[in-house]
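This report concerns only the one structure given below.
Everything numeric here is computed off the predicted structure, so don't read it as measured data.
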Amino acid sequence: MSYYQVKSLEQYFKHYNKSIREPRKFWDKIADENFTWYQKWDKVVEFDMQEAEVKWFINSKVNITKNCIDRHLAKRGTKTAIIFEPNNPDEEAVHITYNELYERVSKMANVLRDKGIKKGDRVCIYLPMIPELAIAVLACARIGAIHSVIFAGFSASAVTTRINDSGCKMVITSDGGYRGSKTIELKSIIDEALQKSPCVETVLVVKRTNTKVNMQEGRDLWLQPLLDEALPNNVAEIMDAEDPLFILYTSGSTGKPKGMLHTTAGYMVYTAYTFKNIFAYEENDIYWCTADIGWITGHSYILYGPLLNGATTVIFEGVPSYPDFGRFWEVIDKHNITQFYTAPTAIRSLAKENWEWVDKHDLSSLKVIGSVGEPINEEAWHWYNDHVGKKKSPIVDTWWQTETGGIMISPIPFVTPTKPTYATLPLPGIQPVLMDELRNEIEGNQVVGSLCIKFPWPGMARTIWGDHQRFKETYFSAYPGKYFTGDGALRDEVGYYRITGRVDDVVIVSGHNLGTAPIEDAINEHPAVAESAIVGFPHDVKGNALYGFIILKESGEGRDRENLKKEINEHISSHIGPIAKLDKIQFVSGLPKTRSGKIMRRILRKIAEGDFSNFGDTTTLLNPEIVEEIKNEKV
């Protein structure tokens with residue numbers, strides 16, 4: 001029996017039970033049957049969760065790009081590996097076959113080696129969503145350089161912090177990038193960032209927007225002439241299982257970003273396995289994840305996961321609202337997309353628009369639709385299911401993190417019955433537990449607690465770059481011997497998991513523990529509300545009270561605000577109870593969000609408390625200007 005793809009609910013439980021009873025045998029078989037290795041492992045896994053030390057497939061030798069590209073060439077050489085859909089719909093899409101991808105990655109790898117990059121060196125990639133971004137990532141992996149992709153919307157100071165923390169030797173950037181109607185001058189941001197980054201020796205520049213840029217003699221080089229001279233083949237570096245593959249920075253609650261380090265073999269096995277199952281991928285499918293490769297979603301489910309399975313994956317340069325609100329649906333129609341994976345933030349913003357934007361496009365090619373980045377609220381789930389999935393394409397509501405490397409809890413389409421707002425069941429190999437305040441495991445169903453994972457899995461991050469103590473303290477100290485996700489969860493009567501939000505998003509009001517996610521769900525069901533965020537603030541009587549930041553749909557804009565506040569509180573009262581009513585409601589035009597769509601509640605908490613000092617680096621937000629606007633209009 002192959003464990004690689006689950007095809008029925010009966011098979012799911014059989015695989016899952018096997019993976020819990022004999023996790024080593026389970027992962028041994030998946031790794032053995034589905035990948036090309038230079039040398040097999042002596043031991044499947046070694047770990048000490050108390051010390052946050054984990055190793056997978058010990059002493060095996062592999063190169064992830066051999067598995068992403070080379071092994072497909074004999075059978076899939078002429079198949080499209082990557083479809084590049086440009087920002088401007090009038091610009092032609094680019095189809096790159098596996099043969100062409102091999103040549104382009106080989107040339108880039110040869111350029112990197114020629115410029116002195118060797119195994120273990122860190123390379124910063126600061127590019128828009130163009131093919132060169134994917135090719136640069138794969139070229140680094142091919143020669144054993146550690147890639148650190150920085151989302152091309154981050155400020156110069158955010159870039160400096162990340163480059164210096166990881167000690168990058170090279171930066172790969174472009175003259176500029178397109179984002180909707182805007183052109184972003186990326187090279188000038190890099191020039192500013194590098195004023196305080198002495199570790200960088202070389203900057204390679206891709207020409208995309210033909211923006212005039214400054215080229216610093218001895219440091220900056222146009223990439224294309226170097227590629228033109230490079231050889232179209234390259235011998236991949238033989239990597240140890242635990243050699244670093246990439247560093248990816250994620251926001252830290254203290255403000256300093258954490259450089260999560262992922263290694264080679266375990267990440268390869270886990271992303272390939274999860275992609276195949278979560279998206280029910282079949283040979284001729286066309287898969288599209290709308291994320292940016294600057295995030296873990298892009299690493300795992302635009303590049304590595306799809307390519308490891310020989311898939312066709314779409315790279316989209318644009319935004320969902322350009323040139324109009326039908327862009328996503330137009331792209332699905334144009335390329336006959338079979339799997340579509342996007343963020344609840346995008347779904348909610350598109351749901352605010354007229355549904356005719358969706359209905360005028362043919363979405364019949366869709367088999368599976370997914371959401372990622374945060375829990376999806378019920379109203380958005382139903383809109384997505386009705387208008388996009390047409391009630392025939394199951395929604396995979398996926399829960400995972402930068403730190404986990406791949407999806408952990410999710411429906412498997414056509415296998416797991418879905419339930420709105422529930423991530424449903426853990427994947428085979430994943431052992432979630434709910435913990436109480438006394439650090440005891442909570443048994444049974446219909447329970448709520450802190451979500452932990454009690455056995456390691458291959459895709460997990462190994463450390464924080466340069467700071468293993470912080471890694472240990474952040475993820476392994478709250479519940480010794482277990483990985484603490486930082487999230488709270490509810491397990492329902494059949495064992496389905498619902499993520500209730502960050503544990504620090506639980507507010508204690510008059511002795512009651514109130515998770516903000518269910519309250520926000522109730523508010524968002526009000527017909528005038530588009531989106532909301534709830535935080536706690538100090539209260540003389542209750543200890544804490546609730547403060548709501550609420551975005552209205554157009555239908556609520558002209559209404560009497562005081563009556564609307566009363567209606568919202570009545571709605572909360574009837575759905576959750578009077579204890580969850582909001583003491584303060586502020587109507588806002590937007591919420592401060594990270595580029596991956598997460599609401600920065602830390603900033604909202606400070607505003608609610610009236611503490612306007614030290615918001616941290618707001619330039620890394622998707623919409624930094626909103627912080628000042630909310631602060632100035634505080635109730």
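Contact detail for Phe316 and Pro86: the closest heavy-atom pair is CE1-O, 4.3 Å. Residue Gln5 comes nearest to His15 through the heavy atom pair O-CE1, 4.2 Å, listed as atom of the first residue, atom of the second, then distance. When all heavy atoms are compared, the tightest approach of Leu366 to Lys392 is O-NZ, 2.7 Å. Of all the heavy atoms in Asn445 and Arg491, the pair that sits closest is OD1-NE, 3.5 Å.
With respect to the salt-bridge test (charged N to carboxylate O, under 4.0 angstrom), the residues Arg179 and Asp292 do not qualify. No salt bridge links Glu282 with Lys367; every basic N to acidic carboxylate O contact stays at or beyond 4.0 Å. Note on Arg601 versus Glu520: salt bridge recorded, some NZ/NE/NH1/NH2 to OD/OE distance being below 4.0 Å. Checked for salt-bridge contact, Lys79 and Glu283 meet the test: a charged N lies under 4.0 Å from a carboxylate O.
Heavy-atom neighbours of Glu493 CD from other residues, nucleotides or ligands within 6.0 Å: above the threshold of 12. Shown here is Lys566, whose NZ atom has no more than 12 heavy atoms of other residues, nucleotides or ligands within 6.0 Å. Surrounding NZ of Lys634 are more than 12 heavy atoms belonging to other residues, nucleotides or ligands, all under 6.0 Å away. Other residues, nucleotides and ligands contribute only 12 or fewer heavy atoms inside 6.0 Å of the NZ atom of Lys391. The 12-atom threshold is exceeded at CD of Glu625, counting heavy atoms of other residues, nucleotides or ligands nearer than 6.0 Å. Counting heavy-atom neighbours within 6.0 Å of Lys334 NZ, excluding the residue itself, gives a total above 12.
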* To do: Would you please test Leu133 and Ile315 for side chain to side chain contact (heavy atoms under 4.5 Å, CB included) and show each step?
  => CA-CA 10 Å; Leu133 172 50; Ile315 292 178; over 6 Å; no
* To do: Show your working on side chain to side chain contact (heavy atoms under 4.5 Å, CB included) between Ile302 and Met129 and close with a plain yes or no.
  => CA-CA 11 Å; Ile302 294 177; Met129 282 285 284; 3.9 Å; yes
* Kindly indicate, with the supporting measurements, whether the criterion side chain to side chain contact (heavy atoms under 4.5 Å, CB included) is fulfilled by Val358 and Trp383. => CA-CA 11 Å; Val358 189; Trp383 184 89; 3.8 Å; yes
* To do: Check step by step if salt bridge (Lys or Arg N to Asp or Glu O under 4.0 Å) holds for Arg208 and Glu91.
  => CA-CA 13 Å; Arg208 173 63 181 140; Glu91 188 181 333; 3.1 Å; yes
* **side chain to side chain contact (heavy atoms under 4.5 Å, CB included) assessment of Val588 paired with Glu633** => CA-CA 8 Å; Val588 295; Glu633 293 175 6; 5.5 Å; no
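Side-chain N or O atoms of Asp333 include one that pairs as donor or acceptor with a backbone N or O of Asp362 at under 3.5 Å. Judged by distance alone, the side chain of Asn569 and the main-chain N or O of Leu582 form a donor-acceptor pair under 3.5 Å. Side-chain atoms of Lys390 come within 3.5 Å of backbone atoms of His387 as a donor-acceptor pair (strictly under, hydrogens ignored). Side chain of Ser300 to backbone of Gly405: a donor-acceptor contact under 3.5 angstrom is found. Of the possible donor and acceptor atoms, none in the side chain of Ser365 sits under 3.5 Å from a partner among the backbone N and O of Thr338. Side-chain atoms of Arg327 come within 3.5 Å of backbone atoms of Asn87 as a donor-acceptor pair (strictly under, hydrogens ignored). His526 places a side-chain N or O within donor-acceptor distance of the main-chain N or O of Ala528, the cut-off being under 3.5 Å. A donor-acceptor distance shorter than 3.5 angstrom exists from the side chain of Asp324 to the backbone of Gly326, with no hydrogens or angles considered. Between the side chain of Asn623 and the backbone N or O of Lys593, at least one donor-acceptor pair lies under 3.5 Å. Checking side-chain atoms of Tyr4 against main-chain N and O of Asn277 turns up no donor-acceptor pair under 3.5 Å.
Put simply, the side chain of Ile585 does not reach to within 4.5 Å of the side chain of Leu564, judged on heavy atoms. Counting heavy atoms from C-beta outward, Met408 and Thr485 have side chains that stay 4.5 Å or more apart. Between Leu186 and Thr209, every side-chain heavy-atom pair lies at or beyond the 4.5 Å cut-off. Annotation: side chain of Asp397 is not in contact with side chain of Thr424 (no heavy-atom distance under 4.5 Å). Counting heavy atoms from C-beta on, the side chains of Asp359 and Trp329 never come closer than 4.5 Å. In this structure, the side chains of Leu9 and Val415 come closer than 4.5 Å at one or more pairs of heavy atoms.
With rounding to the nearest 0.5 Å, the separation of CG in Leu622 from CG in Leu591 is 11.0 Å. Here CG of Leu451 is found 5.0 Å from CD1 of Ile409. Values are rounded to the nearest 0.5 Å. Rounded to the nearest 0.5 angstrom, Ile293 CD1 and Ile125 CD1 are separated by 9.5 Å. Distance check: Ile523 CD1 to Ile550 CD1 gives 4.5 Å after rounding to the nearest 0.5 Å. Atom NE2 in His95 sits 4.0 Å away from atom CD1 in Ile83 (nearest 0.5 Å). Here CD1 of Ile551 is found 12.0 Å from CZ of Phe587. Values are rounded to the nearest 0.5 Å.
Annotation: Tyr267 is in aromatic contact with Tyr304 [ring centroid separation under 6.0 Å]. Taking the six-membered ring where the residue is Trp, the centroids of Tyr496 and Trp399 are separated by 6.0 Å or more. The aromatic ring centres of His262 and His299 sit 6.0 Å or more apart.
In this pair, Phe154 and Trp295 present their aromatic rings perpendicular. The plane angle is above 60°, beyond the 30 to 60° band.
If you run ring-ring contact (aromatic ring centres under 6.0 Å, His included) between Tyr287 and each of Tyr341, Tyr281, Phe275, only Phe275 comes through. Of the candidates Trp457, Tyr16, Tyr270, Tyr12, Tyr270 is the only one forming a side-chain contact (heavy atoms from CB on, under 4.5 Å) with Leu427.
When only modelled atom types and interatomic distance are considered, Ser589 and Glu629 share a side-chain donor-acceptor pair under 3.5 Å. When only modelled atom types and interatomic distance are considered, Gln339 and Asp285 share a side-chain donor-acceptor pair under 3.5 Å. For the residue pair Tyr483 / Gln401, a side-chain donor-acceptor distance below 3.5 Å is found, with atom types taken as modelled.
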